[in-house]
Amino acid sequence: QVLRSVLLFPTIERMAQSPQGKLMTPLLCKLRYVLYMPVYLLSFLPEGVKASLVRFALRGMKTCDESSITTSVNLFSVDCIANILYMASQEMLKVVERDSTTIKQNLKKLIFYYGTGDSWCPQHYYDEIKMDFPDGDIRLCEKGLRHAFVLDASKEMAAMITDWLQDDLTKL
């Protein structure tokens, strides 16, 4: 009984051919094991030092909240990194063609939100899906939000989505 599904910066096709995919696929598929040793060594650092390293890495964010810091500290685990990198390598290999059949079957329940500068899902993917599904609710970000919006624009995104879903929410 899904009323609506919102696909934010949807990496649903050609991941390895995207600008970021071209850069990351060799690293994820062939060189990911090289990252295990530095992560293993960093895992021995005290939690406060790990948090400081994360704060330093995220210092350029507009509004990086404490939950992002806390969550990111988990990345100092070899098991966590191994799982992330394996999953990402599989995505590069398996997310190839857009599933247009499923999109067509569910078009009235889907909202797509594409970024203008998203290197995982370039704007021409938006142009193509908009052309293939002209009646779909397919939007292009005009606010300059980035693919990793959760790091600095989660509240703004939540407000937008709530606004989009207002009609659906009143039916509940």
Side-chain angles (χ1 to χ4, degrees), residues 2 4-99 102-103 106 110-123 125-126 129 141 143-162 164-165:
V2 174
R4 193 73 77 184
S5 180
V6 181
L7 291 86
L8 303 173
F9 304 93
T11 51
I12 58 172
E13 62 180 306
R14 299 176 281 176
M15 283 183 72
Q17 281 78 48
S18 70
Q20 192 69 13
K22 288 178 183 174
L23 174 71
M24 295 301 293
T25 299
L27 296 172
L28 293 168
C29 293
K30 294 185 173 53
L31 299 175
R32 70 177 187 267
Y33 305 103
V34 174
L35 294 174
Y36 295 171
M37 183 54 78
V39 171
Y40 174 73
L41 295 173
L42 289 170
S43 71
F44 291 107
L45 293 173
E47 295 300 306
V49 174
K50 293 176 193 174
S52 294
L53 287 171
V54 171
R55 278 189 191 84
F56 178 76
L58 300 179
R59 71 192 175 284
M61 305 289 152
K62 289 186 284 188
T63 56
C64 188
D65 60 47
E66 196 58 34
S67 62
S68 296
I69 306 287
T70 305
T71 303
S72 298
V73 168
N74 293 326
L75 298 176
F76 288 95
S77 158
V78 174
D79 291 338
C80 181
I81 287 295
N83 288 332
I84 289 168
L85 296 177
Y86 176 73
M87 181 187 73
S89 72
Q90 293 303 296
E91 288 175 335
M92 295 303 113
L93 299 173
K94 297 185 188 274
V95 179
V96 181
E97 290 183 33
R98 177 186 352 127
D99 185 355
T102 301
I103 292 170
N106 297 285
L110 300 174
I111 298 173
F112 293 88
Y113 189 69
Y114 285 81
T116 54
D118 187 348
S119 57
W120 281 110
C121 191
Q123 188 172 334
Y125 289 12
Y126 160 82
I129 196 169
C141 177
K143 298 181 179 225
L145 301 180
R146 60 196 184 115
H147 189 90
F149 68 88
V150 296
L151 294 175
D152 57 6
S154 57
K155 290 179 182 174
E156 185 176 1
M157 184 63 78
M160 283 190 328
I161 293 168
T162 302
W164 300 342
L165 301 178

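All values below come from the heavy atoms of this structure, side chains included, with hydrogens, waters and symmetry mates left out.
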Interatomic spacing from NZ in K30 to OG1 in T25 - rounded to 0.5 Å: 9.0 Å

Nearest non-hydrogen partners of R32 and C29, listed with the distance: NH1-O, 3.9 Å

Test side chain to side chain donor-acceptor pair (under 3.5 Å) applied to D99 - qualifying residues, sequence neighbours left out: T102

Contact check, side chains of Y114 and Q123, non-hydrogen atoms, under 4.5 Å: no

CA sep, side-chain torsions, deciding dist, call: I81, F76, side-chain contact (heavy atoms from CB on, under 4.5 Å): CA-CA 7 Å; I81 287 295; F76 288 95; over 6 Å; no

Side chain to side chain, M157 and Y113, heavy atoms closer than 4.5 Å: yes

Closest non-hydrogen atom pair between S18 and Y125, with its separation: N-OH, 3.7 Å

Inter-residue atom distance M87.CE - K94.NZ, 0.5 Å rounding: 13.5 Å

Spacing of OG1 belonging to T116 relative to NZ belonging to K143, to within rounding of 0.5 Å: 13.0 Å

Results of side chain to side chain donor-acceptor pair (under 3.5 Å) for Q20 - residues two or more places apart only: S119

Value rounded to 0.5 Å, distance of CG in N106 from CD1 in I103: 9.5 Å

For A82, all residues meeting side chain to side chain contact (heavy atoms under 4.5 Å, CB included), sequence neighbours excluded: Y36

Distance in Å, L31 CG paired with S89 OG, rounded so as to fall on 0.5 Å steps: 12.0 Å

Nearest atoms (heavy-atom pairs only) where P10 meets C121: O-SG, 3.0 Å

Pairs involving residues 8-21, ordered by first then second residue, that meet salt bridge (charged side-chain N to carboxylate O under 4.0 Å, His left out) (sequence neighbours left out): E13-R98, R14-E128

pair V78-M37: side-chain heavy atoms closer than 4.5 Å: no

Return all side-chain donor-acceptor pairs below 3.5 angstrom for residues 48-56, not counting sequence neighbours, or 'none' if the list is empty.
| unit_1 | atom_1 | unit_2 | atom_2 | d |
| --- | --- | --- | --- | --- |
| K50 | NZ | S43 | O | 3.1 |
| K50 | NZ | E47 | OE2 | 3.0 |
| S52 | OG | G48 | O | 3.1 |
| R55 | NH2 | E66 | OE1 | 3.4 |
| R55 | NH2 | E66 | OE2 | 2.8 |

side-chain contact (heavy atoms from CB on, under 4.5 Å) between L7 and L110, worked out: CA-CA 7 Å; L7 291 86; L110 300 174; 3.8 Å; yes

Mutual orientation of the aromatic rings belonging to Y40 and F44 [parallel < 30°, tilted 30-60°, perpendicular > 60°]: perpendicular

Identified side chain to side chain contact (heavy atoms under 4.5 Å, CB included) partner of L28 from the options L93, L85, L35: L85

Step-by-step side-chain contact (heavy atoms from CB on, under 4.5 Å) determination, L75 to C80: CA-CA 6 Å; L75 298 176; C80 181; 4.1 Å; yes

Inter-residue atom distance L145.CG - S154.OG, 0.5 Å rounding: 10.5 Å

Step-by-step side-chain contact (heavy atoms from CB on, under 4.5 Å) determination, D118 to Y126: CA-CA 10 Å; D118 187 348; Y126 160 82; over 6 Å; no

Residue pair L8 / I111, side-chain heavy-atom distance below 4.5 Å: no

Partner set under ring-ring contact (aromatic ring centres under 6.0 Å, His included) for F149, not counting sequence neighbours: F9

